[in-house]
Asks: 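Would you mind keeping the following structure in view while I ask a few things?
This one's a predicted model, so the numbers in the text were calculated from it and none came from an experiment. Throughout, protein chains are lettered first and strands after them, A, B, ... in sequence-line order, and every chain is numbered starting at 1.
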Amino acid sequence: MLRLTWLIPALPLLGFVLLALFGKRLGNPFAGWVGTFFATGSFVAAVLVFAGLYQAGGERNFEQHLFTWLPAGDFSVDIGFLVDPLSATMILFVTGIAALIHLYSIGYMHHDENFPKFFAYLNLFVFSMLMLVLGNNLLLTFLGWEGVGACSYFLISFWFQKEANASAGKKAFITNRVGDWGFMVAIFVVFLKFGSLNYSVILPAAGGLARTTATFIAVMLFVGACGKSAQIPLYIWLPDAMAGPTPVSALIHAATMVTAGVYLMVRCNAFIAASAEWVSWLIAAVGCLTAFVAAMVGTSQYDIKKVLAYSTVSQLGYMFLAVGSGAYVAAIFHMITHAFFKACLFLGSGSVIHGMGDEQDMRFMGRLQRFLPITSATFIVAWLAIAGVPPFSGFWSKDEILEFAYLKSPILGFLGLVTALITAYYMTRQVTMVFWAPARWGEHAVREEVALAPAAVVAAGEGEEADAEAAAAAEVPAGEVVTLVNGLPVEGHEAVVDPHFHPHESGPEMTIPLIVLAVLAVFGGFLNLPFTHGTEFLASWLEPAVRLGYPGGLEPEGPSPLLKVLFAAMSTLVAAAGIAYARSVFKDGDRAKAARFEPALLQDAWRYDRAVTAFMGGPGRRIFDGLAWFDRTVVDGAVNGTGVLIRSVGRGARRIQSGYVRSYALGVAVGAVVVVVLMAVRVLSF
Amino acid sequence: MSSLAAVLAQAAPGLTAGPAAAAPTPTITVPDIEWTALLPILVLGLGAVLLLTLTSLARGTVTRSGYAIYTVLVATGAMATAAPLWGRVHAWDHLGKWELSPPYGPFSAVAGAIGVDGFSVFITLLIGVAVILGALLADDYLRREGIDGPEYYVLLLLSATGGVIMAMANDLIVLFLGLETLSIAVYVLAAIHLKRVQSQEAGLKYFVLGGFSSAFFLYGVAMVYGATGSTNLVQIKDLLAVKVPTHNALLLIGLGLMLVGLGFKVAAVPFHSWSPDVYDGAPSPVAAFMASGVKAAGFAGLTRAFLLGFGQFASDWQPVLYFLAAASMLVGAIVGITQTNVKRALAYSSINHAGFMLMALQAASPKGVTGLLFYLATYTFMTVGSFGIATLAGRTGDGHHDLADYRGFSRTNPALAGLFVLFLLGQSGFPLTSGFVAKFGSIAAAVDAGSWHLAVIGMVSAAISAFIYLRIIVAMYMAESDTEAAEKAPKAARIKVPFGAGLALVACALATIGFGILPNGLNRVAGEAEPVLVKEPVPAAASGADGAGLTGLDLTTIPTTPTTR
């Protein structure tokens with residue numbers, strides 16, 4: 001069954017080609033079903049390959065060489081796949097979640113006029129992601145890496161008519177280029193040192209590298225990973241990337257693509273092991289700091305997707321913390337559970353946005369549990385998972401990371417624990433504001449209406465039964481005018497609900513993926529239970545792939561049972577505390593009270609983004625203007641000068657082309673003389 | 001049978017002054033004719049003659065597209081007869097269900113005049129493909145232009161016959177025979193659009209200059225004969241292996257003159273001046289065939305004569321090829337970018353490509369031959385595709401080839417524009433198209449042969465020539481069809497793509513992408529298509545063993561054990 005490996009990326013590629021060529025003819029929603037079919041087919045193939053690898057036993061390392069694209073001296077570009085426990089795990093959850101999100105998108109995107117194009121991009125993305133994961137050499141991984149980057153760019157700016165979306169796409173692309181530079185440099189150095197890019201060659205040999213070389217490679221790979229996985233200082237693109245359609249946020253910017261950096265670090269763990277000690281400290285510190293900083297920002301955002309975006313950055317930080325602490329299994333474990341619950345949260349938020357008529361501001365939500373029962377149930381399950389409540393999946397994976405971080409350094413462990421507290425807090429804030437707090441929907445719509453004619457609300461409030469019910473549910477003091485300052489309701493006034501507005505639950509093609517993901521978010525933790533070695537399924541499965549990363553090839557001493565119990569207790573406590581506190585602050589929907597907990601600094605994301613923009617717009621701009629001037633006058637001048645020169649030479653030569661046979665014959669004759677002379681020179685030199 | 005000795009004695013009595021050649025009585029020896037080896041030539045040639053006679057007997061009863069279908073069938077037949085030769089050369093036991101029997105290996109036939117090896121079979125197949133594509137493109141074109149009739153197809157098949165003869169020639173006279181058969185048919189093809197004055201002019205120009213260059217070639221052959229006493233490449237090679245001429249000026253100048261004649265056919269600078277005028281004036285499908293089939297035949301002639309016959313003089317002719325390659329690549333690219341006519345631009349691009357192929361050839365190595373064959377094969381599809389688009393875009397009268405005529409082409413004909421982009425990107429050597437792999441192979445061969453400078457010139461010229469293609473793409477996609485140009489252009493917005501031309505274009509597109517992504521298969525076949533010079537086989541009875549009796553004077557080893565496949 002391992003022979004089927006090539007099918008896994010081939011199916012989405014075929015889907016992309018079909019959709020790109022005939023998408024418009026297939027139309028809406030058939031194009032969506034075609035896309036879903038190929039993604040599902042890829043998942044089935046992945047399951048078969050996984051089963052094949054499982055049965056194979058032994059080292060579980062299978063390489064499928066498809067063809068050599070270009071043999072160039074010692075260097076050849078091979079198209080081949082590597083199936084080992086690590087990539088097999090990755091393809092399973094990538095294709096599985098991708099299939100679910102394709103299905104979801106059929107419902108979510110059904111109004112969109114570019115419906116077939118969306119699915120073509122999604123299929124292309126899945127193909128690229130699978131090439132990234134399955135490639136048996138760094139170059140193929142890099143091709144996939146660039147492919148997912150390009151798809152991400154297309155999909156962020158999918159609604160490119162809006163200026164903000166287009167610029168968010170550009171921002172993601174440019175920020176990623178910074179990281180790609182690091183990755184490319186790493187590839188060059190690896191090739192220089194080994195003369196090959198194949199994992200089967202370079203990884204076992206990494207231990208023999210000079211320490212400085214290994215350090216350089218590891219740091220450069222880490223720079224690449226930082227760009228793709230949105231770590232400090234390159235995280236700014238990810239929150240903006242939420243401009244894309246929500247399924248894209250769920251698939252690309254939460255579950256799969258952004259974890260590529262983590263995958264790369266785990267795949268190349270041999271280089272980290274061979275490098276200087278400080279590299280792992282750097283990785284752990286950057287991860288830990290990112291987790292904390294992003295979680296803090298998450299406490300004060302209003303946009304339902306922005307909260308989840310910062311949460312994603314924060315959770316990715318956890319994964320890097322795990323990598324830095326040498327806990328590669330924990331990193332992959334958290335990657336998987338995070339993919340489940342974060343995809344569920346994003347899709348849930350999409351369902352909310354869909355049900356609320358494209359409202360994304362949490363301040364204008366509330367009471368939605370009643371109207372979106374399935375969405376809210378699944379969202380709540382995922383919330384418990386991410387908040388770290390036992391026995392949901394997030395609890396197990398996060399705990400494992402925290403224990404290893406503690407072993408690396410108690411400070412890291414402590415900071416991780418604090419971040420866990422904040423995570424529970426901001427997620428509870430979100431759930432409360434969206435599902436439980438008093439309803440405030442439609443304020444955007446109502447506030448102008450109310451300002452113009454206060455009676456309108458009263459009149460409408462006495463409307464049909466449905467309206468009355470909605471109004472009653474929201475406990476609206478009918479007709480009260482809302483005073484707005486800067487677009488926000490101020491203290492002392494109750495919210496107003498637009499009585500014409502009814503949030504609605506989404507259709508089955510959207511709720512089924514939610515349910516599946518919620519179930520996975522509950523039980524995902526059972527992949528790797530810390531009770532005995534026998535229950536650590538993932539750890540024993542991944543062992544061959546991560547062995548090279550352990551110093552001396554030996555698995556380091558894990559956390560002791562006492563530490564495990566201690567951390568389990570502490571993180572449960574911390575989660576409970578965060579939940580309870582956030583609930584007490586946000587449950588009555590008092591904006592004035594809540595605002596005290598949402599400082600402007602955090603709303604502005606530490607002003608980091610703004611500082612970057614200011615720098616780029618100010619001194620940076622001047623530097624770039626200078627560079628641009630240099631480029632325009634000196635570089636372009638040289639290039640254009642050459643161009644002008646060549647063209648004028650061409651024009652001159654063109655004049656020789658007179659059209660007269662006699663002059664052509666003369667040309668041939670002169671050429672013949674030249675050739676004969678060249679030959680004769682050889683004779684004379686004898 | 002002592003035919004070899006007899007032929008030797010006839011051809012060069014002074015040379016074979018051994019005791020073996022002393023005895024035979026003066027009788028005319030008729031050489032053994034190995035008909036299977038001649039089948040591709042016979043099928044094409046007889047196919048042409050048959051078409052001519054049959055249509056003159058039964059005028060007006062031919063169904064629509066009948067000529068084109070007939071031509072495609074004949075070319076397919078010729079390719080089918082070439083396939084067993086490939087199997088025999090590579091010592092396959094069987095081809096499909098069909099048992100192949102010994103003798104295996106490359107061989108020569110008809111008193112050593114014809115050489116059958118992987119190379120000649122490869123070129124034969126390539127010319128067959130060019131004929132098929134040329135017929136498919138021409139079918140609707142000829143009807144559209146009101147010049148439908150069997151003539152085009154007869155001439156196409158005849159010129160292909162000449163091309164295949166060139167590909168198999170083991171004798172300079174046979175090479176010349178093939179060259180003239182090919183050329184004379186193509187002269188007429190260039191002038192076949194009777195209603196277009198440019199077409200007449202193109203035919204005349206090509207004829208006058210072609211005759212001029214053929215004279216150079218023939219004079220060169222005469223000088224080579226004077227120096228070596230033979231026109232047979234096998235014998236020349238034999239002779240030069242044992243005798244080193246002290247005065248080789250005659251031989252080298254002869255070689256130089258031959259190079260002029262063949263360089264003219266492949267449109268190498270400085271013998272290129274005819275090609276922009278002729279490509280522009282000739283009907284577009286003819287230009288497609290000239291850039292693919294004729295070029296392949298020309299390179300086949302160059303390879304056989306220079307690499308095989310005078311391989312040991314490589315150090316003498318390499319500098320000249322070096323010069324021709326560099327000049328072709330640079331002039332093709334630089335003058336190409338100033339062209340405002342798409343067909344002329346394609347002609348210069350074709351000169352540039354000829355330079356790349358010459359670069360592969362001047363490496364004078366097996367890798368160079370592989371690169372050349374790969375280049376020829378992929379270029380055939382790209383250039384036929386490009387001229388195929390021009391055929392359609394030229395519209396009735398075949399006159400709309402200005403860059404301005406292509407403005408807004410992407411909006412009126414998105415599918416054609418997309419295909420054209422593919423062919424142009426392929427020609428520019430864009431990765432993941434076959435053109436990239438082809439250029440790569442050619443440059444790699446040059447680097448391996450130590451011609452660093454030439455490789456650099458090649459890369460620079462590729463960069464410059466990209467502008468030729470980008471200009472066309474920009475015209476199709478970006479240039480707004482501003483009011484003035486839009487009003488001037490006729491409002492025949494959508495071009496209906498006829499079935500034959502569509503089929504040809506799709507095949508070209510598939511080949512361009514396919515060989516770009518999966519170049520290995522073609523590369524392997526091109527690698528197996530090695531040119532070999534072999535003496536006429538000593539009959540099995542005399543040698544006592546099948547196949548093993550071959551005495552090869554090959555560049556590489558001949559497989560003597562059968563390989564299964």
Asks: Using non-hydrogen atoms and a 4.5 Å limit, figure out which bit of B:Leu432 sits close to chain A: side chain, backbone, both or neither.
Replies: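 Both parts, backbone and side chain.
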
Asks: Using a 3.5 Å distance criterion without hydrogens, assess whether the side chain of B:Ser442 forms a donor-acceptor pair with backbone atoms of B:Ala438.
Replies: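 No: the side chain of B:Ser442 does not pair with the backbone of B:Ala438.
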
Asks: Only pairs of heavy atoms separated by less than 4.5 Å count here; which of A:Ala665, A:Ser663, A:Ala669, A:Gly667 has the most with chain B?
Replies: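 Most heavy-atom pairs within the cutoff with chain B belong to A:Ala665.
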
Asks: If you check every heavy atom in residues 209-221 of chain B against those of chain A, which residues fall under 4.5 Å?
Replies: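 Listed by number, the contacting residues are B:Leu209, B:Phe212, B:Phe216.
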
Asks: Using 30° and 60° as the class boundaries, would you call the ring planes of B:Trp274 and B:Tyr206 parallel, tilted or perpendicular?
Replies: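 Answer is parallel, since the angle falls under 30°.
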
Asks: With the side chain counted from C-beta on, respond yes when A:Leu122 and A:Leu19 share a heavy-atom pair under 4.5 Å apart, and no when they do not.
Replies: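 They are not in side-chain contact.
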
Asks: Tell me, side chain or backbone of A:Val670 under 4.5 Å from chain B's heavy atoms, or both, or neither?
Replies: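 Neither; nothing under 4.5 Å.
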
Asks: Under 6.0 Å between ring centres: does that hold for B:Tyr187 and B:Phe207?
Replies: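 So the answer is yes for these two rings.
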
Asks: Quick one: does any side-chain atom of B:Lys343 pair with a main-chain N or O of B:Pro276 as donor and acceptor, under 3.5 Å?
Replies: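 Pair absent, no side-chain N/O of B:Lys343 close to backbone of B:Pro276.
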
Asks: Does NZ or CZ of A:Arg662 lie under 6.0 Å from the centre of the six-membered ring of A:Tyr660, at an angle within 45° of the ring axis?
Replies: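 Ring-cation test returns yes.
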
Asks: Heavy-atom pairs under 4.5 Å with chain A: which of B:Ile517, B:Val447, B:Ile337 has the most?
Replies: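 Going by pairs under 4.5 Å, I would pick B:Ile517.
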
Asks: Please classify the contact of B:Val208 with chain A as side chain, backbone, both or neither, using a heavy-atom distance under 4.5 Å.
Replies: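 B:Val208 touches chain A through side-chain heavy atoms alone.
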
Asks: Compare all side-chain heavy atoms of B:Tyr279 with those of B:Ser350 and state whether any distance is below 4.5 angstrom.
Replies: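 Counting from C-beta outward, B:Tyr279 and B:Ser350 do come under 4.5 Å.
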
Asks: For B:Ile464, which atoms come within 4.5 Å of any heavy atom of chain A: side chain, backbone, both, or neither?
Replies: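 The side chain, not the backbone.
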
Asks: Using 30° and 60° as the class limits, which term best fits the ring planes of A:Tyr153 and A:Phe173: parallel, tilted or perpendicular?
Replies: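 The rings of A:Tyr153 and A:Phe173 sit tilted, inter-plane angle from 30° to 60°.
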
Asks: Less than 4.5 Å to any heavy atom of chain A: does that hold for the side chain of B:Val260, its backbone, both, or neither?
Replies: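 It is the side chain, since no backbone atom gets that close.
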
Asks: With a 4.5 Å cut-off on side-chain heavy atoms, are A:Val126 and A:Phe16 touching?
Replies: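 Sidechains of A:Val126 and A:Phe16: no contact.
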
Asks: Under 4.5 Å, counting heavy-atom pairs only, tell me which of B:Leu324, B:Asp448, B:Asp277 racks up the most with chain A.
Replies: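 Highest number of pairs under 4.5 Å: B:Asp277.
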
Asks: Give a yes or no on whether the backbone of A:Leu82 and the side-chain of A:Gln64 come within a donor-acceptor separation of less than 3.5 Å.
Replies: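 No, because the side chain of A:Gln64 does not come within donor-acceptor range (under 3.5 Å) of the backbone of A:Leu82.
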
Asks: Of the listed residues (B:Gly263, B:Ala444, B:Ser315, B:Ala333), which shares the most heavy-atom pairs with chain A below a 4.5 Å separation?
Replies: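 Heavy-atom pairs under 4.5 Å are most numerous for B:Ser315.
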
Asks: Looking only at heavy atoms and a cut-off of under 4.5 Å, which of B:Pro270, B:Ala327, B:Gly441 has the most pairs with chain A?
Replies: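 That would be B:Pro270.
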
Asks: Does anything in residues 123-143 of chain A form a side chain to side chain donor-acceptor pair (under 3.5 Å)? List the pairs, not counting sequence neighbours.
Replies: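 Found A:Glu63-A:Asn136, A:His102-A:Asn123, A:Thr141-A:Tyr199.
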
Asks: Considering only heavy atoms and a distance below 4.5 Å, find which of B:Leu518, B:Leu204, B:Leu257, B:Val269 pairs most often with chain A.
Replies: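 Looking at each of B:Leu518, B:Leu204, B:Leu257, B:Val269 in turn, B:Leu518 comes out on top.
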
